[in-house]
Amino acid sequence: MCASFNDHVYDIVKQIPAGCVATYGQVAALAGKPRNARAVGYALHANPEPGVIPCHRVVFRDGSLAPGFAFGGPDRQRALLRSEGVTFVEPCERGNAGAPGLRVDLSRCQWHA
DNA sequence: CCTGTGACTGAAC
DNA sequence: CGTTCAGCCACAG
């Protein structure tokens, strides 16, 4: 495809099955640029097809979303992902502190291409 | 064509 | 443990 990297990202994100999540780096790697996670975020920011692109299934390496840029807020994301069957990890997991707040259990729900 | 900016990531202080 | 720095690459002006 002659589509821009941006389009590749959309195509990949749309392939993410419900109940699973992918990290920016994961999508970037599938797009062919494992170092281009930022471009993935930029692509999703453009989000030319809202409702079609499950940007809420794309999370940080830690399993968290961009606070403030989430399609409606972290609460909305948690409700939506949880509704799809995604498991969430509460603080005090993963051995110890780790990241504060809620985050997706990448160990159980990270998408496998 | 060049510059600026950015939903990232990993490492360092 | 929390914050900051630097590197990477694509898109928009």
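Below, read A as the first sequence line, B as the second, and so on, with proteins coming before strands; counting in each chain starts at 1.
At whole-Å resolution of the value, CG in A/Leu44 and P in B/dT5 are 22 Å apart. Atom CD1 of A/Ile12 is separated from atom P of B/dA7 by 20 Å (rounded to the nearest Å). As rounded to whole Å, 16 Å separates atom P of C/dC11 from atom CG of A/Asn47. Between the CZ atom of A/Phe5 and the C1' atom of B/dC8 there is a distance of 11 Å, given to the nearest Å. At whole-Å resolution of the value, NE2 in A/His45 and C1' in B/dG4 are 15 Å apart. Distance CZ (A/Arg76) to P (B/dA7): 22 Å, rounded to an integer number of Å. If you measure from atom CG of A/Leu81 to atom C1' of B/dA7, you get 14 Å, rounded to the nearest angstrom.
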Identify all side-chain donor-acceptor contacts of residues 32-53 of chain A below 3.5 Å with residues at least two apart in sequence or on another chain.
| from | atom 1 | to | atom 2 | distance (Å) |
| --- | --- | --- | --- | --- |
| A/Asn36 | OD1 | A/Ala39 | N | 3.4 |

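Distance alone, capped at 3.5 Å, is enough to place a donor-acceptor pair between the A/Thr23 side chain and the A/Gln26 backbone. Judged by distance alone, with hydrogens and angles left aside, the side-chain atoms of A/Gln15 form a donor-acceptor pair with the main-chain N or O of A/Asp11 at under 3.5 Å.
Considering only the side chain of A/Phe69, B/dA7 comes nearest among B/dC8, B/dA7, C/dC9.
Among all heavy-atom pairs drawn from A/Ser64 and A/Arg103, the shortest one is OG-CB, 3.6 Å. The two residues A/Cys20 and A/Ile16 make their nearest non-hydrogen contact at O-CG2, 3.6 Å. For the pair A/Ala18 and A/Glu84, the tightest heavy-atom approach, listed with the atom from each and the gap, is CA-OE1, 4.0 Å.
Take the nearest nucleotide of DNA chain C for A/Arg35 and for A/Tyr42: the residue whose nucleotide is more 5' is A/Arg35.
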Output one line per pair: protein atom, nucleotide atom from nucleotides 9-13 of chain B, and distance, for all N/O pairs under 3.5 Å.
| from | atom 1 | to | atom 2 | distance (Å) |
| --- | --- | --- | --- | --- |
| B/dT9 | OP1 | A/Arg61 | N | 3.3 |
| B/dT9 | OP2 | A/Arg61 | N | 3.3 |

